[in-house]
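Heads up, the thing below is written out as C-alpha cells.
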Protein chains: 2
Amino acid sequence: MARFIQSHNCVDCKCKDSIFSSLSTTELELINNNHYEVSFKAGEMMFKQGTPSPHFLCLTTGLAKLYIEGYGKNLILSLVKPVDYILGPGIYVDNRHHYSASAVEDSTACLVDVTTFRQIMRGNPDFADEFIRRISIMTIFNFEQFISLTQKQMNGRIADALFYLSDKIYGRNPFEMTISRQDLADLSGMSKESAIRILKEFKDEGILTVDGNSLHILNPQQLKKISETG
Amino acid sequence: MARFIQSHNCVDCKCKDSIFSSLSTTELELINNNHYEVSFKAGEMMFKQGTPSPHFLCLTTGLAKLYIEGYGKNLILSLVKPVDYILGPGIYVDNRHHYSASAVEDSTACLVDVTTFRQIMRGNPDFADEFIRRISIMTIFNFEQFISLTQKQMNGRIADALFYLSDKIYGRNPFEMTISRQDLADLSGMSKESAIRILKEFKDEGILTVDGNSLHILNPQQLKKISETG
DNA sequence: GCCATTTGTTGACAAATATCAATGAATTGT
DNA sequence: ACAATTCATTGATATTTGTCAACAAATGGC
C-alpha cells in the first residue's frame, strides 16, 4: 500500500506554480502544515469510488487514471499527470469519491486536508476563480468525451483516445503507452478486443505503427479525419 | 424570437429562495440593476453552442433542454425546470456556450450579466460555496448519465431516462411528457425508433402505460431492475 | 531461470442497435 | 377547414459491437 515519504515544504514546491500560484506565503504555509506526501506503486489504488474524500490530492510524479466503476467494466474519465490536482465533485456535496483513482505508473502525491482547501477557497477569490476555471475545463473535456463515446463509432473513439494520449498526456508523438489495452478500451468505451482490433486496423492502413507499447501516429491528418467522420 | 417582458424586482423574487438565498439585499439590488426578463415559445432556442455567453440565465417558468450538438444528432445533458439557473462551464474558460439550450415548453427566464455574477462570486463565499455545490451536483449527475449511456443497453438507458423524468423533472408518476420522442432518444443516446420500440416493449410487458404523451410507470420495481441489470 | 499469472491477439459467432422505408397521426399556418 | 408539415410508429434489413474461446507473449515471484 501507499508509503509515506519525506515531506517537502510547500512554500518552495514546484507544485505551487500550478493551481497554487495565487496563494500567499501564509496560505502555502497553512497547506504545508496540513499535508503529507505518499507514494504509490503502478497499479495501486489511490482511492476508491464511494469512500470518504477527506483530501485534495496533488500528483507530483507518475501517472494516474480516474475511472468510474460501472456495470462490470470501468470508464476512464481522464488520466492525470504531474503537476495536477485530483479533487472530485463530492467535496462540495457528500464528501465522497464519485470515481476511483489508480496509479498507472509509479507515482507520488501530496494530500492536503479538504478543510484547509475550502478555507483557502473562501478567503482567496483568485484561487477560487482559478479552481473553478479548472473544474470548468474538466467539465468541457467531459462533454467532448461524452459526445465521442455516445455518438462516434469505435474507429473515431480510438482516434480521439490516441490524440488525447499523444497531445494531452504524453505530449509527444512517438510515445510509449504506459496504459494497458484494457485501459485504452476503458477510455474509449469498448471491449478490449475491439480496441486491439482497431489498433491493428490503423496499423494495417499505415496510419500508425504499434510495437508493443510504442506507438507512432504516422498520419495525423487521416486519423483526424477518422475522428471527425465518427 | 425572444420577447422582453416586464421586469420584476429581484429583491422580492421567488427565485431568491434558490441559489440566491445567501445574497444580501445590496447584492440582490445589484443583480436587479443588471438583469432583464425574456420569454421563449416552445421550441425556441435560448442560446446556441459556440456563441458568446454573456449571461447567467435563471429559468422562471417553463421547461428547457440543454444539449450538445454532436455529429448529426444531439445529446441532451439535462432538462431544466424552474427555478434553476443555467450557467455553462464556458463562463470561467472562454466565455462561450459549450451546449445549446432550447425551450421545451413556453418559458420565461431572467438574464443576469456575467460580470455581475462573477463579482458576487468573488465577494460572497457562501454564494460561491453554494454555486460550486450546484455545479458539483450537476457533474455527479453527468457521471451517472455517462455510465448509463456508455455501459447500459437500451432498455436500461430508457429506464433511467423515465426515472429522471418522473422523479427529477415532472415530480410525479403518471406524468405528461412534454418532451418529444426524439428528445427521449437524445436523452438516452439512441435513435428515435429504438426509443419508441422500447417504450412499446415496456408497455407490452405491463411495466407502464403510454397514451400519447401521458405516461404512467405501473411497476417501478421492475423498471428499477431493468435499470440495474443494464 | 522457470513456473504461474496476467496481458495481448485473433477468429468465429451472436447480440445489440441503427438505418431505411413506408405509413399513420397529430399539429400548424393560413 | 384544409393543406402542409412535422412527429410517431412499425417492419425489414444491414451494420456495429460484444462475447466466447483458444492461444501467444510478456511479466512477476521465488
Side-chain angles (χ1 to χ4, degrees), chain A residues 41-44 65 70-76 102-106 148-159 161 176-204 208-215 226 229-230, chain B residues 41-44 65 70-76 102-106 148-159 161 176-204 208-215 226 229-230:
Chain A
K41 280 238 172 73
E44 277 185 336
K65 62 174 175 182
Y71 297 82
K73 46 190 168 179
N74 297 331
L75 172 66
I76 296 184
S102 288
V104 171
E105 305 170 6
D106 291 348
S148 176
L149 266 57
T150 57
Q151 301 199 341
K152 291 184 185 181
Q153 311 194 170
M154 295 197 298
N155 291 28
R157 307 210 296 271
I158 288 286
E176 198 64 20
M177 225 172 37
T178 52
I179 64 169
S180 68
R181 304 299 151 115
Q182 184 64 61
D183 286 337
L184 178 64
D186 290 344
L187 192 57
S188 321
M190 67 186 67
S191 68
K192 184 180 53 167
E193 293 93 329
S194 293
I196 290 168
R197 258 184 271 268
I198 289 160
L199 231 40
K200 193 195 172 193
E201 194 182 307
F202 286 174
K203 185 183 174 181
D204 291 346
L208 43 80
T209 58
V210 199
D211 177 24
N213 290 325
S214 306
L215 206 146
I226 290 170
T229 55
Chain B
K41 280 239 171 72
E44 275 184 336
K65 62 174 176 182
Y71 297 82
K73 46 191 169 181
N74 297 333
L75 172 67
I76 295 183
S102 289
V104 171
E105 304 171 8
D106 292 346
S148 176
L149 265 58
T150 57
Q151 303 198 340
K152 291 185 183 180
Q153 312 194 168
M154 294 196 300
N155 290 31
R157 306 209 298 269
I158 288 286
E176 198 65 19
M177 228 174 33
T178 51
I179 65 170
S180 68
R181 303 299 150 114
Q182 183 64 62
D183 286 337
L184 179 64
D186 291 344
L187 193 57
S188 321
M190 66 186 69
S191 69
K192 184 179 56 170
E193 292 94 329
S194 292
I196 290 168
R197 260 184 270 267
I198 289 161
L199 230 41
K200 195 196 172 195
E201 192 182 309
F202 286 174
K203 185 182 175 183
D204 290 347
L208 43 79
T209 58
V210 199
D211 178 24
N213 291 324
S214 306
L215 206 145
I226 290 170
T229 54

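Just so it is clear, the structure is predicted and the values come from calculations on it, not from any experiment. Here is how names work: the chains are called A, B, and so on, in the same order as the sequence lines, proteins then strands, and each is numbered from 1.
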Measure the distance from [atom1] on [X] to [atom2] on [N] and round it to the nearest whole Å.
{"X": "B:Ile179", "N": "D:dC7", "atom1": "CD1", "atom2": "P", "result": "13 Å"}
{"X": "A:Lys152", "N": "D:dT17", "atom1": "NZ", "atom2": "P", "result": "13 Å"}
{"X": "B:Ile196", "N": "C:dA18", "atom1": "CD1", "atom2": "P", "result": "13 Å"}
{"X": "A:Gln182", "N": "C:dG8", "atom1": "CD", "atom2": "C1'", "result": "11 Å"}
{"X": "A:Glu201", "N": "D:dT16", "atom1": "CD", "atom2": "C1'", "result": "12 Å"}
{"X": "A:Leu199", "N": "C:dT10", "atom1": "CG", "atom2": "P", "result": "10 Å"}
{"X": "A:Ile158", "N": "D:dT17", "atom1": "CD1", "atom2": "C1'", "result": "13 Å"}
{"X": "A:Leu149", "N": "D:dG18", "atom1": "CG", "atom2": "C1'", "result": "15 Å"}

Look at the side chain of A:Asp106 and the backbone N and O of A:Lys41, then say whether any donor-acceptor pair between them is shorter than 3.5 Å.
no

Quick check: does any side chain N or O of A:Arg181 sit under 3.5 Å from a backbone N or O of A:Ile196, one acting as donor and the other as acceptor?
no

Is the phosphate of C:dT17 approached by B:Arg197 (side-chain N or O, under 4.0 Å from OP1 or OP2)?
no

Test item: [X] and [Y] side chains (from C-beta on) under 4.5 Å apart, heavy atoms:
{"X": "B:Met190", "Y": "B:Ile198", "result": "yes"}
{"X": "A:Leu184", "Y": "A:Ile158", "result": "yes"}
{"X": "A:Thr209", "Y": "A:Lys203", "result": "no"}
{"X": "B:Leu75", "Y": "A:Gln151", "result": "yes"}

Base, backbone or nothing for each nucleotide of nucleotides 24-30 of chain C, written B, S, -, heavy atoms under 4.0 angstrom, 5' to 3'?
-------

Classify B:Lys192 by what it touches in the nucleic acid, base, sugar-phosphate, or nothing, heavy-atom distance under 4.0 Å.
base

Describe the nucleic acid contact of B:Ser180 in one word from base, sugar-phosphate, nothing, applying a heavy-atom distance below 4.0 Å.
sugar-phosphate

Which nucleotide in the set [options] lies at the smallest distance from any side-chain heavy atom of [X]?
{"X": "A:Arg181", "options": "C:dG8, C:dT17, C:dT10", "result": "C:dG8"}
{"X": "A:Gln153", "options": "C:dT19, D:dT16, D:dG18", "result": "D:dT16"}
{"X": "A:Ser191", "options": "D:dT17, D:dT10, D:dT19", "result": "D:dT19"}

How far apart are the closest heavy atoms of B:Gly189 and B:Arg157, and which atoms are they?
O-NH2, 3.0 Å

Using heavy atoms to find the nearest nucleotide of DNA chain D for B:Glu193 and A:Lys73 separately, return the residue whose nucleotide is more 5′.
B:Glu193

